[in-house]
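The structure under discussion appears below in the form of C-alpha cells.
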Amino acid sequence: MAVSLTPVAFERVQRFVAQTPGALGLRFGVTRTGCSGWGHVTDLARDQREGDAVFEQDGVRIYVDAQSLPLVDGTVIDFGKHGLSETFTFSNPNATAECGCGESFTTDENHR
C-alpha cells in the first residue's frame with residue numbers, strides 16, 4: 001500500500017513545496033489527540049529521518065515516520081474548502097471510527 005494525494009491535494013502540496021526553500025515534500029503522520037485517540041498531522045518535510053517511508057507521486061514526496069505508517073498506510077489525502085477554511089482531509093482505510101467532531105480517529109486494537 002502507499003499514501004497518495006488527490007489531484008487537488010497534489011497541486012496544493014506541490015505549490016507549498018515550491019514556495020518554501022528547503023522543503024523536500026509533505027510530512028504526514030499521526031499524533032495522540034482528541035477523544036478517539038489518533039489525529040492526522042501534516043507539515044512540510046525539511047529532512048528525511050531514519051525509518052521514514054517515502055512515497056513519491058509525480059515528483060512530490062510524502063514522508064511518513066515508521067510509527068505512523070501502520071496507522072496511515074493506504075490513506076488518500078485530499079484538500080478542500082470547509083466553510084470559510086481550507087484544509088487537508090483524509091480517507092484512511094485503517095480508521096475504524098471517528099469522533100463526532102472529526103478531529104480524531106480510532107483503529108483496531110492491535111494498533112493502539
D52/R27 salt bridge by N-O under 4.0 Å criterion: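 D52 and R27: salt-bridged.
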
- prompt: Considering only heavy atoms from C-beta outward, does the side chain of W38 approach that of T31 to under 4.5 Å?
  reply: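 Answer no - side chains too far apart.
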
Check: residues 42-49 side-chain donor-acceptor pairs under 3.5 Å, at least two apart:
from, atom 1, to, atom 2, distance (Å)
D47, OD1, R49, NE, 3.3

query: For H40, which of T89, T75, N92 qualifies under side chain to side chain donor-acceptor pair (under 3.5 Å)?
result: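 Exactly one pass, corresponding to N92.
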
query: Mind checking what makes salt bridge (Lys or Arg N to Asp or Glu O under 4.0 Å) contact with E56, not counting sequence neighbours?
result: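 For E56 the salt bridge (Lys or Arg N to Asp or Glu O under 4.0 Å) partners, ignoring immediate neighbours, are R61.
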
message: Quick check: F88 with F28 (ring centres under 6.0 Å apart)?
response: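 When the ring centroids of F28 and F88 are compared, they turn out to be at least 6.0 Å apart.
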
- prompt: Who else is in the cluster with V76 when I, L, V, M, F, W and Y are joined by side-chain contacts under 4.5 Å?
  reply: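 Its cluster mates, by chain and number: none.
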
field: Linked hydrophobic residues, L24 as query - side chain contacts closer than 4.5 Å
entry: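 Besides L24, the cluster holds V54, Y63.
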
- prompt: In chain order, what residues pass the side chain to side chain contact (heavy atoms under 4.5 Å, CB included) check against D73, with sequence neighbours excluded?
  reply: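 Applying side chain to side chain contact (heavy atoms under 4.5 Å, CB included) to D73 gives M1, F55, L69.
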
- request: Taking N94 for its side chain and L71 for its backbone only, find out whether a donor-acceptor pair lies under 3.5 Å.
  value: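 Looks like yes, one N/O pair under 3.5 Å.
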
- request: Indicate yes or no for a side-chain donor-acceptor contact from S68 to the backbone of D65 under 3.5 Å, with no hydrogens or angles considered.
  value: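 Checking the backbone N and O of D65 against the side chain of S68, no donor-acceptor pair under 3.5 Å is found.
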
Over all atoms of both residues, closest heavy-atom pair of P93 and S91: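 Nearest heavy atoms, P93 then S91: CD-O, 3.6 Å.
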
Which atom pairs, one a donor and one an acceptor, fall under 3.5 Å between side chains of residues 5-18 and the rest of the protein, sequence neighbours left out?
from, atom 1, to, atom 2, distance (Å)
T6, OG1, A9, N, 3.3
T6, OG1, D78, OD1, 2.6
R12, NH2, E86, OE1, 3.0

